[in-house]
Number of protein chains: 2
Amino acid sequence: MINYTNILRQHNLKATPQRLAITDILHVQGHITIESLYEVMVKKFSSISLATIYKNINLMLENSFIQEVKIPHAKSVYEITKESHSHLACEKCGEIQDIIIDLDNILNEVAKTNTFKVNSSDLVLSGICKNCQ
Amino acid sequence: MINYTNILRQHNLKATPQRLAITDILHVQGHITIESLYEVMVKKFSSISLATIYKNINLMLENSFIQEVKIPHAKSVYEITKESHSHLACEKCGEIQDIIIDLDNILNEVAKTNTFKVNSSDLVLSGICKNCQ
DNA sequence: ACTTAAAGGATAATTATTATCTTTTAATAA
DNA sequence: TTATTAAAAGATAATAATTATCCTTTAAGT
Ligand SMILES: [Mn+2]
Ligand SMILES: [Mn+2]
Ligand SMILES: [Zn+2]
Ligand SMILES: [Zn+2]
């Protein structure tokens, strides 16, 4: 169990119980929509306001503690920022999985054209996951 | 100038002036947000309703005549469906460019793992375009 | 314990999108 | 052509998603 108290403080964020719960949920679940994050949080903090969820998600996004992942034909999910990686999105059950794909060759190709300086890449592969096949 | 009248009819959509204008704008502009599509349309049809924009965009999405492209940290853009391709998104001016990148190697790698059946891929490279460098 | 800025909760406001209803019109056939 | 009709447009209400505001509570530092 990671100590997110200090990590939050390093980002100049107070380590409130609500925030620790959000980070813990993100840590355990991996990828989650605003909607289901709220549902899970309500179980722990029956009177939590949806505004608190949004305010915290936005704060955490601002300092890159977390990231938004936009999924085709589905709602965005949020996750704790880690090494750059791609995603597999199951069109049937909606599950989002991480996958590490080496895009260096591709990025080098683009770099060669010298017409666009790439800073980051977002790749989502949509299809059917193991379970749903 | 492409004849979208018949193309629309092939999709079982009436070729209304509003729709022909939308398809023409999409054809000329390439990638456009709902917001700016509406702005452009208002110039041609001063009394057009925003609902008409949404209804048409949704209808055209349903039969895959057009596609949504989700862009990190920006609003979605829409474009006429064509061969599968990737996108370059300029973080400075917001311009979206098409780029054809061969992802076969990558998709084959994923296929090998036999744990996920890929149906489609969405790749967006964010960075700085030629003009903005 | 005391102080204080930050954060939470309640809720209003705003923005984005969809639904509903009436009027208009594109497509088709007499 | 004109008549018919289902589809589409336009106006606007309703809903959903997100943000702003305001007051209360609390984490963090002294
Ligand atoms: Mn991930
Ligand atoms: Mn494109
Ligand atoms: Zn699945
Ligand atoms: Zn640019």
Side-chain angles (χ1 to χ4, degrees), chain A residues 3-26 32-63 65-78, chain B residues 3-26 32-63 65-78:
Chain A
N3 178 5
Y4 279 111
T5 302
N6 293 132
I7 298 176
L8 283 169
R9 287 178 185 159
Q10 281 159 25
H11 285 86
N12 290 314
L13 299 176
K14 283 189 182 177
T16 65
Q18 292 86 343
R19 271 180 196 159
L20 288 169
I22 289 174
T23 53
D24 188 54
I25 292 163
L26 286 167
I32 194 166
T33 62
I34 294 273
E35 199 180 13
S36 36
L37 174 60
Y38 177 62
E39 284 169 18
V40 177
M41 286 293 287
V42 166
K43 289 178 190 161
K44 305 189 186 192
F45 303 86
S46 57
S47 72
I48 196 171
S49 168
L50 189 51
T52 298
I53 303 288
Y54 276 107
K55 281 185 282 192
N56 279 314
I57 286 292
N58 286 333
L59 269 175
M60 292 174 182
L61 281 172
E62 275 168 31
N63 55 52
F65 176 62
I66 65 172
Q67 284 182 279
E68 178 180 3
V69 184
K70 292 192 174 186
I71 308 291
H73 313 298
K75 291 184 182 166
S76 288
V77 294
Y78 299 83
Chain B
N3 178 4
Y4 279 111
T5 301
N6 293 132
I7 297 176
L8 283 169
R9 287 179 186 159
Q10 282 160 24
H11 285 86
N12 291 313
L13 300 175
K14 283 188 183 179
T16 64
Q18 292 85 345
R19 271 180 195 160
L20 289 169
I22 289 174
T23 52
D24 188 55
I25 292 163
L26 285 168
I32 194 166
T33 62
I34 293 275
E35 199 180 14
S36 36
L37 174 60
Y38 178 63
E39 283 169 18
V40 177
M41 287 293 286
V42 165
K43 289 178 191 162
K44 306 189 184 191
F45 303 86
S46 56
S47 72
I48 195 172
S49 168
L50 189 51
T52 299
I53 303 288
Y54 277 107
K55 281 185 283 192
N56 280 313
I57 287 292
N58 286 333
L59 269 175
M60 292 175 182
L61 281 172
E62 275 167 32
N63 54 52
F65 177 62
I66 65 172
Q67 284 182 278
E68 178 179 5
V69 184
K70 292 193 175 186
I71 308 292
H73 313 297
K75 291 185 181 165
S76 288
V77 294
Y78 298 83

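Below, chains carry the letters A, B, ... as their sequence lines are ordered, and counting in each starts from 1.
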Per-nucleotide protein contact string for nucleotides 15-22 of chain C (B base, S sugar-phosphate only, - none; heavy atom under 4.0 Å)
-SBBB---
Closest contact, heavy atoms only, B:Ala74 versus A:Lys70:
O-NZ, 2.7 Å
If you walk 5' to 3' along DNA chain D, what is the first nucleotide with an atom under 4.0 Å of a heavy atom in chain B, and what is the last?
D:dA6 to D:dT12
In whole angstrom, give the distance that lies between atom [atom1] of [X] and atom [atom2] of [N].
{"X": "A:Leu20", "N": "C:dA7", "atom1": "CG", "atom2": "P", "answer": "13 Å"}
{"X": "B:Asn56", "N": "C:dA26", "atom1": "CG", "atom2": "P", "answer": "13 Å"}
{"X": "A:Asn63", "N": "C:dA7", "atom1": "CG", "atom2": "C1'", "answer": "15 Å"}
{"X": "B:Asn6", "N": "C:dA26", "atom1": "CG", "atom2": "C1'", "answer": "14 Å"}

Side-chain heavy-atom pair [X], [Y] within 4.5 angstrom cut-off:
{"X": "B:Ile32", "Y": "B:Val77", "answer": "no"}
{"X": "B:Ile57", "Y": "B:Leu37", "answer": "yes"}
{"X": "B:Ile22", "Y": "B:Leu26", "answer": "yes"}
{"X": "A:Ile7", "Y": "A:Thr23", "answer": "no"}
{"X": "B:Met41", "Y": "B:Thr52", "answer": "no"}

By ring-ring contact (aromatic ring centres under 6.0 Å, His included) - contacts of A:Tyr78 (at least two apart)
none
Using the ring-ring contact (aromatic ring centres under 6.0 Å, His included) criterion, which residues pair with A:His11? Sequence neighbours excluded.
A:Phe65
Enter the inter-axis angle for the ends of the helix from C:dA1-D:dT30 to C:dA30-D:dT1 (five pairs per end, rounded to 10°).
40°
Considering residues at least two apart in sequence or located in another chain, which fulfil the side-chain contact (heavy atoms from CB on, under 4.5 Å) criterion with B:Tyr38?
B:Val42, B:Ile48, B:Leu50, B:Ile53
Just the atom pairs and distances: protein N or O near nucleotides 27-30 of chain C's N or O, under 3.5 Å.
residue : atom : partner : partner atom : Å
C:dA27  : OP1  : B:Arg9  : NE           : 2.8
C:dA27  : OP1  : B:Arg9  : NH2          : 3.1
C:dA27  : OP1  : B:Ala15 : N            : 3.1
C:dA27  : OP2  : B:Arg9  : NH2          : 2.7

By side-chain hydrogen bond (donor to acceptor under 3.5 Å, both in side chains) - contacts of A:Ser49 (at least two apart):
none
Which side chain to side chain donor-acceptor pair (under 3.5 Å) pairs, counting each pair once, include a residue from residues 12-22 of chain B, with sequence neighbours left out?
B:Arg19-B:Asn56
Closest nucleotide of DNA chain C for A:Thr52 versus for B:Gln18: which of these residues is on the 5' side?
A:Thr52
Which pairs with one or both residues in residues 35-55 of chain B pass salt bridge (Lys or Arg N to Asp or Glu O under 4.0 Å), sequence neighbours excluded?
B:Glu35-B:Lys75
Roughly how far, to the nearest 0.5 Å, is the CD atom of A:Gln67 from the NE2 atom of B:His73?
7.5 Å
